[in-house]
Structures are given as structure tokens and as C-alpha cells.
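Below: the structure, in C-alpha cells.
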Protein chains: 2
Amino acid sequence: MKRENDNEVVDFVKINKIKKLMPSDDLLFEIAEVFKVLGDTTRMKIISALLESELCVGDIAEITNSTQSAISHQLRVLKQSKLVKFRKEGKIVYYSLDDDHVITLYEIAKKHIEEGYVHK
Amino acid sequence: MKRENDNEVVDFVKINKIKKLMPSDDLLFEIAEVFKVLGDTTRMKIISALLESELCVGDIAEITNSTQSAISHQLRVLKQSKLVKFRKEGKIVYYSLDDDHVITLYEIAKKHIEEGYVHK
DNA sequence: TCTACGTATGAATAATTGTTCATATGTTTA
DNA sequence: TAAACATATGAACAATTATTCATACGTAGA
């Protein structure tokens with residue numbers, strides 16, 4: 001995260017104006033974190049499965065063609081970012097989407113991909 | 001990406017129904033790719049700066065406290081995912097957001113973070 | 001209480017990736 | 001044409017991370 005003083009176009013007035021408008025580094029970091037969590041194929045498969053129904057770990061593993069362990073690890077990540085929640089029923093743990101945000105994010109990204117191949 | 005046949009709860013009817021409803025692995029992969037691109041602090045800073053104004057590489061480097069090289073590399077990634085576009089004016093290259101999708105994704109993720117700290 | 005089952009977790013490995021450094025490309029001006 | 005500038009790019013290194021394997025934890029039934 002160094003800074004160069006050569007070879008740059010710098011309009012400090014403009015730059016400082018933008019810096020003030022931008023969210024804090026902490027907030028930007030956390031926003032990036034959410035996207036990072038969504039930015040994995042396995043976790044995206046989990047999300048898209050949970051989009052259809054609440055599911056237990058074993059079912060998710062089967063649907064995503066992964067192992068129980070891998071899924072359990074990833075569900076932990078999703079849980080920490082408050083993207084999924086769970087409820088226990090005896091020894092079975094049912095997972096579901098925690099938020100409407102997840103659904104919207106998923107749909108917009110899907111649109112972005114699908115439209116990207118049509119034009120341009 | 002192996003598959004376990006022990007220790008799982010499997011309702012094949014339910015599972016197959018969900019599998020059919022889910023997008024193809026290819027599409028899910030590409031959706032995850034978009035999120036992966038957004039899932040980096042530096043790139044998120046770039047996005048949030050471009051949200052305010054079109055900017056040249058040097059200005060972005062200054063605003064994000066990074067080197068020209070690092071920013072140039074990251075702009076390349078953002079360009080490939082069609083999240084930013086550019087126009088040249090002499091030797092200066094101006095970058096801007098390519099899509100409305102980016103803006104919406106950014107705003108929803110921001111909401112998710114901000115609301116996540118209020119309740120629950 | 002023993003066994004079977006569903007899930008969670010820690011450590012290790014392999015693969016991915018962001019930054020740095022050096023340098024190349026292309027453009028403007030003297 | 002030479003020099004200065006803005007940006008791009010390739011290679012190398014360091015750091016992060018997803019999966020695997022083994023095993024632990026908790027619950028239900030015999």
C-alpha cells in the first residue's frame with residue numbers, strides 16, 4: 001500500500017473531494033469481505049441450492065457434489081457473514097438463507113453475466 | 001469434489017428436484033467469478049471511487065493509496081469482468097463504471113453490512 | 001451404555017492471487 | 001528525435017484459502 005509521487009496525474013482538489021465522499025476503509029473492507037464470501041463456486045452452489053429450499057448438510061453435500069466436511073467448512077464461512085442461518089432438529093442441522101440481500105445480490109450478478117454475453 | 005455415500009441424509013426426490021432448478025455449473029461459476037472480482041479491498045476502493053467520478057489511473061492510485069502498477073493490474077481484472085470501462089485521451093486513460101449492476105451490487109452489500117450491526 | 005449417525009473442527013497440503021519490481025509501450029512536448 | 005510522462009505488463013514472492021483426512025462432538029435408538 002505504498003504511494004508513488006512520480007508518474008501520476010494529480011488534481012488534489014478533485015481527489016480530496018472524492019476521498020471525502022468515499023466510505024471508510026473499514027466499511028469498504030467489510031463490503032469486500034461479503035463479496036469474497038460469495039466469490040467461491042462451492043459457496044455459490046450452496047446459496048443457489050438454499051434459494052430453493054431449506055436443506056441439511058448431507059443434502060447440500062449431495063447436491064453440490066462435495067464432501068460433508070468441505071460443506072461444513074463453507075457453511076461456517078457463510079454463517080459468519082450472516083448469509084445463512086440454521087436450526088437444529090435433533091442431530092440434523094437445517095440451513096437456510098439468512099437475508100433477502102443474498103437473494104438480490106445473486107440475481108443481479110446472474111443478470112450481469114447473462115446480459116454480458118448478449119451485447120457488447 | 002468427491003462424493004460421500006455414508007453419513008448423509010438423502011432424500012433423492014427432493015434433491016433431484018432442487019438440482020434441476022439450479023443454474024448450470026458454468027453459470028454458477030461465472031456468478032462466483034463476478035463476486036470474486038468484487039471481493040478485494042483494493043478493487044472495492046476503486047469501485048467506490050469510480051462511483052463518484054470518472055478517474056485516470058494516477059488519480060485512482062492516489063485515492064486508494066496504492067501504486068500505479070497495482071492499480072493497473074486490478075483495473076485489468078475489473079475490465080475483464082465488464083465492471084469498468086475506459087476511454088483514452090492522449091496518454092491519459094480514464095476509467096469509469098461500466099454497468100448499473102455494479103452500483104446496485106455495491107449498495108446492497110453496503111446495506112447488508114450496515115444492517116448486520118444493528119440487530120441480531 | 002454401546003453403536004450408529006449427522007455434523008463440526010483442526011492440521012496439512014495444494015492452488016490461487018495481490019503486490020512489488022523492473023521494464024516495456026505509447027503519447028506528448030521541447 | 002530526445003526526454004518526460006501515463007499506463008501496461010511479465011515474473012517472482014508472499015499470503016490467503018479451499019479441500020482433504022482424521023477425528024471429535026452431540027444426539028438417537030437398541
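Just so you know, these numbers come straight off a predicted model, no measurement behind them. Within every chain, numbering begins at 1; the chains are lettered A, B, ... in the order of the sequence lines, protein sequences first and strands thereafter.
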Should A:Ile103 and A:Ile46 be regarded as members of a common hydrophobic cluster, given that ILVMFWY residues are connected when their side-chain heavy atoms come within less than 4.5 Å of each other, either directly or indirectly?
yes

Of all the heavy-atom pairs spanning A:Val37 and A:Ser81, show the shortest one and how long it is.
CG2-OG, 3.2 Å

Output one line per pair: protein atom, nucleotide atom from nucleotides 28-30 of chain D, and distance, for all N/O pairs under 3.5 Å.
none

Could you state the atom-to-atom distance from NZ of A:Lys36 to C1' of D:dT16 in whole Å?
8 Å

Rounded to the nearest Å, what distance is computed from the NZ atom of residue B:Lys45 to the C1' atom of nucleotide C:dT19?
13 Å

Does a distance-only test, which skips hydrogens and angles, find a donor-acceptor pair under 3.5 Å between the side chain of A:Gln68 and the base of C:dA8?
yes

Checking B:Glu33 now: which residues fulfil side-chain contact (heavy atoms from CB on, under 4.5 Å) with it, not counting sequence neighbours?
B:Phe29, B:Lys36

Looking only at non-hydrogen atoms, find the nearest pair between B:Ile71 and B:Ala61 and report the distance.
CG1-CA, 3.7 Å

Nearest-Å distance for atom pair CD/P, residues A:Glu33 and D:dT16
11 Å

Between B:Lys79 and A:Ala70, just flag the one whose closest nucleotide in DNA chain D comes earlier from the 5' side.
B:Lys79

Across all chains, not counting sequence neighbours, the side-chain contact (heavy atoms from CB on, under 4.5 Å) partners of B:Asp25 are A:Lys45

Non-neighbouring partners of A:Lys110 that pass side-chain hydrogen bond (donor to acceptor under 3.5 Å, both in side chains), sequence neighbours left out:
none

Just to confirm, is there a sub-4.0 Å distance from OP1 or OP2 of D:dT17 to any side-chain nitrogen or oxygen of A:Gln74?
no

Between D:dA6 (C1') and B:Arg87 (CZ): distance, integer Å:
15 Å

Any A:Thr67 side-chain N or O less than 4.0 Å from OP1/OP2 of D:dT20
yes

Can you find a side chain N or O atom of A:Tyr95 that sits less than 4.0 Å from OP1 or OP2 on C:dA8?
yes

Kindly write out the residues that satisfy side-chain contact (heavy atoms from CB on, under 4.5 Å) with A:Ile18, not counting sequence neighbours, or none if the list is empty.
A:Lys14, A:Met22, B:Ala49, B:Glu52, B:Ser53, B:Leu55, B:Ile63

Taking CD1 from A:Ile60 and P from C:dA8, how many angstroms apart are they, rounded to a whole number?
9 Å

Apply side-chain contact (heavy atoms from CB on, under 4.5 Å) to A:Ser72 and list each qualifying residue two or more places apart in sequence or on a separate chain.
A:Gln68

Nearest heavy-atom neighbours spanning B:Tyr94 and B:Cys56:
CD2-N, 3.9 Å

When the distance from CD1 of A:Ile71 to C1' of C:dT7 is rounded to whole Å, what number comes out?
12 Å

Spacing between A:Glu62 atom CD and C:dC5 atom P, to the nearest angstrom:
17 Å

Nearest-Å distance, NZ (A:Lys88) to C1' (C:dT7)?
8 Å

Using the ring-ring contact (aromatic ring centres under 6.0 Å, His included) rule, collect all pairs that involve residues 58-87 of chain A, keeping only residues at least two apart or in two chains.
A:Phe86-A:Tyr95

Looking at B:Asp99 and B:Lys82, what are the two nearest heavy atoms and their distance?
CB-O, 4.3 Å

Check side-chain hydrogen bond (donor to acceptor under 3.5 Å, both in side chains) between B:Glu54 and all other residues, then give those that pass, not counting sequence neighbours.
B:Arg87

Heteroatom pairs (N/O) under 3.5 angstrom, protein to nucleotides 10-15 of chain C:
unit_1	atom_1	unit_2	atom_2	d
C:dG10	O6	A:His73	NE2	2.8

Divergence of helical axes at both termini of the helix from C:dT1-D:dA30 to C:dA30-D:dT1 - five pairs an end, 10° steps:
20°

